[in-house]
Amino acid sequence: MTTFKIASWNVNSLKVRLPHVLNWLNEIKPDVLAMQETKIIDAVFPYDEFAKQGYVAISSGQKTYNGVAILWKEKALDIMTSFPGFDDPQRRILGVTVGDIRVINLYIPNGQSVGSEKYQYKLTWLNYLKEYLKQELLKYPRIIVLGDFNIAPQEIDVYEPLLWQGKVLFSEPERAAFQDILQLGFVDTYRILNPMDKKFSWWDYRLYAFKRNQGARIDHILASDALVSYCRQSTIDPTPRGWERPSDHAPVYAEFHFN
DNA sequence: ATGGTTGCAACGCAA
């Protein structure tokens, strides 16, 4: 029996959050950590700090905004950093393969507000994602798609559905795009294993949102149909959100048990 | 209540 623990965390600046990330890795010891909003270029990525804890890092970063990275205990192959035919300067996707598992780390655009240019970019991005995942499923049966989706899939995933109605992160087109992705052959591991739990992964920095637990579940770990039966646990860990100078997102992680 | 806070980097932008 081997267990495989995979995590995702929007760190909102790896430079600022590095101590939190190192502490959390030491405590939870995931096999893989996918990070978003690293906001750091590859040349100054803190590879050595992670190597001390036994992780190899791959970064697809940029200055100031966006940036994704994956930590893994083994060598990763088939690195992918942008959709075919979409020359996007924003570093938002990182796909890697280790063993027989394909991992796709996402920082889906926030969308700013419904109807804005950034919202349109988000929907366009989601279309490219759908096409890409469709192709990936033909190549790899075992896929984990995880990251900051910036989409709360259902009413149970926001603190006050009436307040969120029609708003960015919860609008119908975004939620429909999320369902379309599941339709390709993926399962939201948190929701299938915790059908009634109303827990959040992100809280706005403003207005004491975390203290009031006014948040949304927008960070997800999807498993392809071939992997779902091996997933035994999918968790949100709100603890680091309460630490000093936190990210606005909590880490999430899922555990798979293989024979 | 159309605010509020954080990170970046530079006096605004993105989240």
Side-chain angles (χ1 to χ4, degrees), chain A residues 8-24 33-46 49 59-69 82 88-94 105-126 129 146-153 157-171 173-175 177-178 200-220 236-252:
Chain A
S8 171
W9 197 356
N10 179 324
V11 297
N12 187 16
S13 168
L14 185 56
K15 201 171 167 184
V16 173
R17 226 66 66 199
L18 184 61
H20 283 200
V21 176
L22 293 173
N23 278 344
W24 192 79
L33 173 62
M35 291 182 282
Q36 305 85 34
E37 281 203 90
T38 54
K39 300 184 177 181
I40 196 168
I41 58 169
D42 303 346
V44 295
F45 191 92
E49 299 289 337
S59 166
S60 179
Q62 67 182 90
K63 218 172 120 174
T64 313
Y65 301 119
N66 309 311
V68 283
S82 60
D88 187 358
Q90 301 189 25
R91 309 325 290 156
R92 294 180 173 277
I93 184 161
L94 181 57
N105 178 14
L106 305 176
Y107 176 43
I108 293 179
N110 171 282
Q112 195 172 53
S113 59
V114 173
S116 68
E117 251 179 60
K118 292 194 176 74
Y119 182 78
Q120 195 49 56
Y121 166 67
K122 181 179 196 172
L123 296 182
T124 302
W125 205 94
L126 284 163
L129 176 64
L146 77 174
D148 178 0
F149 282 64
N150 272 314
I151 301 172
D157 298 315
V158 293
Y159 72 88
E160 180 46 84
L162 281 176
L163 226 60
W164 279 93
Q165 200 151 32
K167 297 269 175 24
V168 76
L169 311 186
F170 193 59
S171 73
E174 295 167 78
R175 292 164 64 191
F178 187 86
F200 307 133
S201 67
W202 165 83
W203 301 259
D204 198 293
Y205 281 125
R206 295 165 285 191
L207 298 168
Y208 306 103
F210 181 61
K211 204 157 78 178
R212 297 172 172 177
N213 197 25
Q214 296 181 341
R217 192 175 70 92
I218 58 176
D219 299 86
H220 306 297
I236 303 173
D237 182 5
T239 316
R241 186 61 177 82
W243 292 347
E244 202 181 327
R245 213 179 173 196
S247 166
D248 47 349
H249 292 253
V252 299

Gap between atoms CG and P, on N10(A) and dT6(B) respectively (whole Å): 16 Å
Length of the line joining Q214(A):CD and dG3(B):C1', which is rounded to integer Å: 14 Å
Could you tell me whether the side chain of N213(A) reaches within less than 4.5 Å of the side chain of F200(A), counting heavy atoms only? yes
Note: Y119(A) and E174(A) closest approach over all heavy atoms is CE1-OE2, 3.3 Å
Heavy-atom side-chain proximity of D88(A) to S82(A) below 4.5 angstrom: no
Base partner of dT6(B), which must satisfy Watson-Crick or wobble distances under 3.5 Å: dA14(B)
E160(A) versus Q214(A): any side-chain heavy-atom pair under 4.5 Å? no
Any S13(A) side-chain N or O less than 4.0 Å from OP1/OP2 of dC8(B): yes
Spacing between D248(A) atom CG and dG4(B) atom P, to the nearest angstrom: 18 Å
Rounded to whole angstrom units, what separation is found between the CG atom of L163(A) and the P atom of dT2(B)? 14 Å
Expressed in angstrom and rounded to an integer, what is the separation of N12(A) atom CG from dA9(B) atom P? 13 Å
On DNA chain B, nearest-nucleotide positions of P246(A) versus D148(A): which is more 5'? P246(A)
For dA14(B) versus dA9(B), give the span between their P atoms, rounded off to a whole number of Å. 15 Å
Heavy-atom check, side chain of R92(A) versus side chain of P109(A), under 4.5 Å: yes
Could you give the CG-to-C1' distance, from L14(A) to dG7(B), as a whole number of Å? 13 Å
Contact between I151(A) and K122(A) at the side-chain level, heavy atoms closer than 4.5 Å - yes or no? yes
Consider the side chain of V16(A), meaning its heavy atoms from C-beta on, and name the nucleotide among dC8(B), dA14(B), dA15(B) that approaches it most closely. dC8(B)
Quick check on dG7(B): is either OP1 or OP2 less than 4.0 Å from any side-chain nitrogen or oxygen of R245(A)? yes
Whole angstrom value for the distance that separates P of dT6(B) from OH of Y65(A): 18 Å
When the distance from CZ of R241(A) to C1' of dA15(B) is rounded to whole Å, what number comes out? 13 Å
I want to check one thing: is the phosphate of dG7(B), taken as OP1 and OP2, less than 4.0 Å away from some side-chain N or O of K15(A)? no
Go through residues 202-211 of chain A and report each residue with a non-hydrogen atom lying under 4.0 Å from DNA chain B, sorted by number. Y205(A), R206(A), L207(A)
My understanding is that only residues two or more places apart in sequence, or in another chain, count here; which of them pass ring-ring contact (aromatic ring centres under 6.0 Å, His included) with F45(A)? Y47(A), F50(A)
Span that lies between the P atom of dG12(B) and that of dG4(B), in whole angstrom: 16 Å
Taking dA15(B) as the reference, what is the distance to dG3(B) when you measure between their C1' atoms (whole Å, please)? 16 Å
Can you check whether N10(A) reaches I218(A) side chain to side chain, under 4.5 Å on heavy atoms? no
Students often get this wrong, so: under 4.0 angstrom with heavy atoms, is R92(A) touching a base, only sugar-phosphate, or nothing? sugar-phosphate
